[in-house]
Amino acid sequence: MRRRRDDWIGIEGEEIAKFHFGMGFSADNLKGFILALLSSGFIGASFIIKKKGLRRAAAASGVRAGVGGYSYLLEPLWWLGMITMIVGEVANFVAYAFAPAILVTPLGALSIIVSAVLAHFMLKEKLHHLGILGCVMCIAGSVVIVIHAPQEKPITSVQEIWSMATQTTFLLYVASAIVLVFVLMFHFAPRYGHTNVLIFVGICSLMGSLSVMSVKALGTSLKLTFEGNNQLIYPETWFFMVVVITCVITQMNYLNKALDTFNTAIVSPIYYVMFTTLTILASVIMFKDWDGQVVGSIISEICGFIVVLSGTILLHVTKDYDRGTPRSSYAPLSPSLSTRLCTGNGDLMKHVEDDMASSEDICMRRQELY
């Protein structure tokens with residue numbers, strides 16, 4: 001009798017979840033949604049803490065991570081940021097075991113909001129009023145995606161995931177991503193890595209899309225194992241683990257370079273846009289997330305994603321818009337987006353630092369003193 005009552009309560013809970021969040025929003029999706037929210041909070045805060053740690057390490061050693069320095073490994077504040085990020089990534093890892101990537105990944109936009117707000121107060125990177133509008137757009141778009149998220153298809157073994165990962169279309173995606181990563185690493189990074197934010201962020205995003213697919217596979221395997229269906233006996237589980245470790249180490253290295261070289265307000269939204277787009281693409285190819293969904297729901301998800309992207313772009317473009325800069329004959333009054341993408345924290349501006357010091361550089365130097 002008690003078991004029948006518990007079963008009824010479980011069914012009722014799932015029906016309540018569907019009522020509040022849409023017909024396709026199951027209890028597992030709700031768990032993934034909550035974990036993704038917690039993950040965004042921790043990861044957004046970690047960006048700021050790690051940035052502070054990188055600045056302190058650079059001020060103490062004189063060698064920045066962006067040019068190959070590793071003194072940040074001795075900085076406690078950087079490790080605090082790293083621990084915060086790990087907590088967020090663990091929550092994110094578990095979220096992928098319960099909900100589809102097309103639901104979990106776009107919620108990463110909330111980490112941008114956390115990062116932007118904290119950067120406004122802790123790093124003195126001013127948040128414009130339109131940037132606040134961008135934050136609201138990110139939240140609105142995320143809500144639309146959550147409401148129309150697809151139902152996670154039941155997976156019974158890691159071998160089932162392996163068959164998805166070895167289908168021709170996904171193998172083509174993996175091969176293309178790996179080739180692009182090597183080209184960016186060995187050809188473009190040495191030449192343009194410190195002047196164009198898209199190089200470091202591109203490497204992180206491509207590796208990130210592969211890591212998410214492996215994280216989803218590994219998380220599902222562990223979930224099945226804890227439920228009594230041991231998946232650790234299969235070599236595919238350990239292969240996915242090796243892929244996760246390799247991708248995460250690569251992402252961490254190049255994300256550190258991007259954060260140290262460019263403004264947080266530039267790195268965070270661009271990383272989110274590229275990473276989310278590539279991850280959703282990889283998930284749609286590998287897990288067939290949109291199979292069985294009605295056209296209206298797919299269109300709503302795409303529209304929600306576009307709203308989120310627009311919000312991140314608006315937040316980026318208006319970031320520090322009100323910051324006053326000394327005018328000179330060779331300093332444009334309103335820098336273009338492409339110029340800001342290339343200069344970031346001002347690596348190129350260092351060449352004219354003797355003639356013109358922007359308020360951002362002055363602010364950074366003051367912050368490096370404490």
Quiz item: Residues sharing Leu77's hydrophobic cluster, by side-chain heavy-atom contacts under 4.5 Å among ILVMFWY, directly or via others?
Solution: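 Direct or chained contacts put Leu77 with Ile49, Leu80.
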
Quiz prompt | Hydrophobic cluster (4.5 angstrom, side-chain heavy atoms) - remaining members for Leu172 | solution =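 Members alongside Leu172: none; it stands by itself.
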
Can you name the side-chain contact (heavy atoms from CB on, under 4.5 Å) partners of [X], sequence neighbours left out?
X: Ala189; value: Ile199, Phe200
X: Leu133; value: Leu130, Met137, Leu314
X: Thr237; value: Val158, Leu218, Ser221, Gln231, Leu232, Tyr234
X: Leu171; value: none

Quiz item: Got a sec, which residues hit salt bridge (charged side-chain N to carboxylate O under 4.0 Å, His left out) with Asp28, two or more places apart in sequence or on another chain?
Solution: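 Only Lys223 meet the salt bridge (charged side-chain N to carboxylate O under 4.0 Å, His left out) criterion with Asp28.
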
Exercise. Applying salt bridge (charged side-chain N to carboxylate O under 4.0 Å, His left out), name anything that partners Lys216, two or more places apart in sequence or on another chain.
Key: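 Per chain and number, Lys216 pairs via salt bridge (charged side-chain N to carboxylate O under 4.0 Å, His left out) with Glu152.
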
Exercise. Tell me, with the steps shown, if Leu110 and Val114 meet side-chain contact (heavy atoms from CB on, under 4.5 Å).
Key: CA-CA 6 Å; Leu110 302 180; Val114 174; 5.6 Å; no

Counting only pairs under 3.5 Å, give me each side-chain donor-acceptor contact of residues 204-211, with atom names and distances, residues two or more places apart or in other chains.
| unit_1 | atom_1 | unit_2 | atom_2 | d |
| --- | --- | --- | --- | --- |
| Ser205 | OG | Val201 | O | 2.8 |
| Ser205 | OG | Phe275 | N | 3.4 |
| Ser209 | OG | Tyr173 | OH | 2.8 |
| Ser209 | OG | Leu206 | O | 2.8 |
| Ser211 | OG | Gly208 | O | 2.8 |
| Ser211 | OG | Gln251 | OE1 | 3.1 |

Anything under 3.5 Å between a donor and an acceptor, one on a side chain of residues 294-311, the other on a protein residue two or more places apart or in another chain? List them.
| unit_1 | atom_1 | unit_2 | atom_2 | d |
| --- | --- | --- | --- | --- |
| Ser300 | OG | Gly296 | O | 2.9 |
| Glu301 | OE1 | Trp290 | NE1 | 2.8 |
| Glu301 | OE2 | Gln293 | NE2 | 2.8 |
| Ser310 | OG | Ile306 | O | 2.8 |

Quiz item: Looking at Ile245, Thr246, Asn253, which one forms a side chain to side chain contact (heavy atoms under 4.5 Å, CB included) with Ile249?
Solution: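 That would be Ile245.
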
Quiz item: So among Val87, Thr84, Leu118, which one has a side chain to side chain contact (heavy atoms under 4.5 Å, CB included) with Ser46?
Solution: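 Result: among Val87, Thr84, Leu118, Thr84 is the only option passing the side chain to side chain contact (heavy atoms under 4.5 Å, CB included) with Ser46.
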
Quiz item: Is the Phe182 ring parallel, tilted or perpendicular to the Phe186 ring (thresholds 30°, 60°)?
Solution: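 Ring orientation, 0 to 90° scale: parallel.
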
Quiz prompt | Nearest heavy-atom neighbours spanning Met286 and Ala165 | solution =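 Closest approach of Met286 to Ala165: CE-CB, 3.7 Å.
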
Quiz item: Where do Met82 and Met252 land on the side-chain contact (heavy atoms from CB on, under 4.5 Å) test, with the steps shown first?
Solution: CA-CA 10 Å; Met82 194 64 198; Met252 182 181 71; 3.0 Å; yes

Self-check item: Set of ring-ring contact (aromatic ring centres under 6.0 Å, His included) partners for Phe287, sequence neighbours left out
Solution: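 ring-ring contact (aromatic ring centres under 6.0 Å, His included) list for Phe287, sorted by chain: empty.
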
Quiz item: Is there a side-chain contact between Phe93 and Ile86, using heavy atoms and a 4.5 Å cut-off?
Solution: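 Of all side-chain heavy-atom pairs linking Ile86 with Phe93, none is under 4.5 Å.
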
Practice problem: Could you list all the side-chain hydrogen bond (donor to acceptor under 3.5 Å, both in side chains) pairs where at least one residue sits in residues 88-101, not counting sequence neighbours? | Solution: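 Matches after skipping sequence neighbours: Tyr96-Thr105.
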
